[in-house]
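Structure record follows, encoded as structure tokens.
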Amino acid sequence: MTGSTTTTSGHSWSATLRYTGLRLAVFAGCFAVLAVLAYVGVVPESVGTANPLWLVLLSLVVSAPLSLVLLRGQRDEMSRQLVPRVERAKARLNANRDMEDDAA
């Protein structure tokens with residue numbers, strides 16, 4: 001029984017790590033594209049003297065909706081693998097709460 005729990009837990013972490021890595025890759029790609037566009041002059045290069053911060057914020061704004069669409073499958077897989085763990089945690093919390101209520 002313990003082996004299957006470890007396997008399930010390992011898969012959920014790998015799904016989480018995969019999603020996080022892909023999310024960071026989408027952000028890095030957006031940052032690179034926006035940096036090139038800023039260098040060429042298509043996108044405003046900065047707001048005042050905040051060029052790196054401007055590009056980071058702009059990359060966050062652009063990468064968020066892209067990740068929502070492009071990483072839907074990975075997000076769903078991660079969710080499917082995390083739901084049983086969350087349900088087990090809720091069940092343990094409810095059991096502990098019931099034990100405390102019975103003791104009081």
Side-chain angles (χ1 to χ4, degrees):
M1 189 75 167
T2 306
S4 65
T5 303
T6 304
T7 305
T8 303
S9 176
H11 287 302
S12 66
W13 279 113
S14 68
T16 302
L17 290 175
R18 186 179 321 115
Y19 174 75
T20 302
L22 289 171
R23 179 70 178 91
L24 287 171
V26 169
F27 170 76
C30 287
F31 183 80
V33 167
L34 288 170
V36 168
L37 290 175
Y39 181 76
V40 173
V42 176
V43 173
E45 193 170 332
S46 66
V47 174
T49 59
N51 184 20
L53 183 60
W54 164 252
L55 290 177
V56 167
L57 291 175
L58 193 56
S59 298
L60 283 171
V61 169
V62 171
S63 69
L66 285 175
S67 293
L68 215 87
V69 174
L70 297 175
L71 302 179
R72 179 170 296 173
Q74 287 78 17
R75 193 172 49 255
D76 290 344
E77 179 184 345
M78 180 180 66
S79 175
R80 275 193 306 275
Q81 291 178 354
L82 289 176
V83 164
R85 293 178 67 194
V86 170
E87 293 299 324
R88 283 194 306 269
K90 283 183 182 178
R92 282 194 309 265
L93 285 172
N94 287 335
N96 288 340
R97 187 178 315 131
D98 290 343
M99 282 182 12
E100 288 176 3
D101 289 343
D102 290 341

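The figures that follow rest on heavy atoms only: side chains count, while hydrogens, waters and symmetry mates do not.
- Remark: Ser79 pairs with Val83 by the side chain to side chain contact (heavy atoms under 4.5 Å, CB included) rule, at least two apart or across chains.
- When hydrophobic clusters are built by joining Ile, Leu, Val, Met, Phe, Trp and Tyr residues whose side-chain heavy atoms come closer than 4.5 Å, directly or via intermediates, Leu66 is not grouped with Leu68.
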List the atom pairs, donor and acceptor, that lie under 3.5 Å between side-chain atoms in residues 28-37 and the rest of the protein, sequence neighbours left out.
none

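- Neither Leu24 nor Val26 shares a network with the other; the hydrophobic side chains, linked directly or stepwise wherever heavy atoms of I, L, V, M, F, W or Y lie under 4.5 Å apart, form separate groups for each.
- Interatomic distance, NZ of Lys90 versus CG of Asn94, reported as 9.0 Å (0.5 Å rounding).
- Grouping the Ile, Leu, Val, Met, Phe, Trp and Tyr side chains by contacts below 4.5 angstrom, directly or via other members, places Phe27 apart from Val61.
- Residues satisfying the side-chain hydrogen bond (donor to acceptor under 3.5 Å, both in side chains) criterion with Ser67, sequence neighbours excluded, are Arg23.
- Both Val40 and Val62 are part of a single hydrophobic cluster, where members link through side-chain heavy atoms under 4.5 Å apart.
- Here the CE atom belonging to Met78 is positioned 9.5 Å from the CG atom belonging to Leu71, to the nearest 0.5 angstrom.
- To the nearest 0.5 Å, atom CG of residue Leu22 and atom CG of residue Leu17 are 11.0 Å apart.
- One hydrophobic cluster, built from ILVMFWY side chains closer than 4.5 Å, cannot hold both Tyr39 and Leu58; they sit in different ones.
- Side chain of Arg75 to backbone of Tyr19: no donor-acceptor contact under 3.5 angstrom is found.
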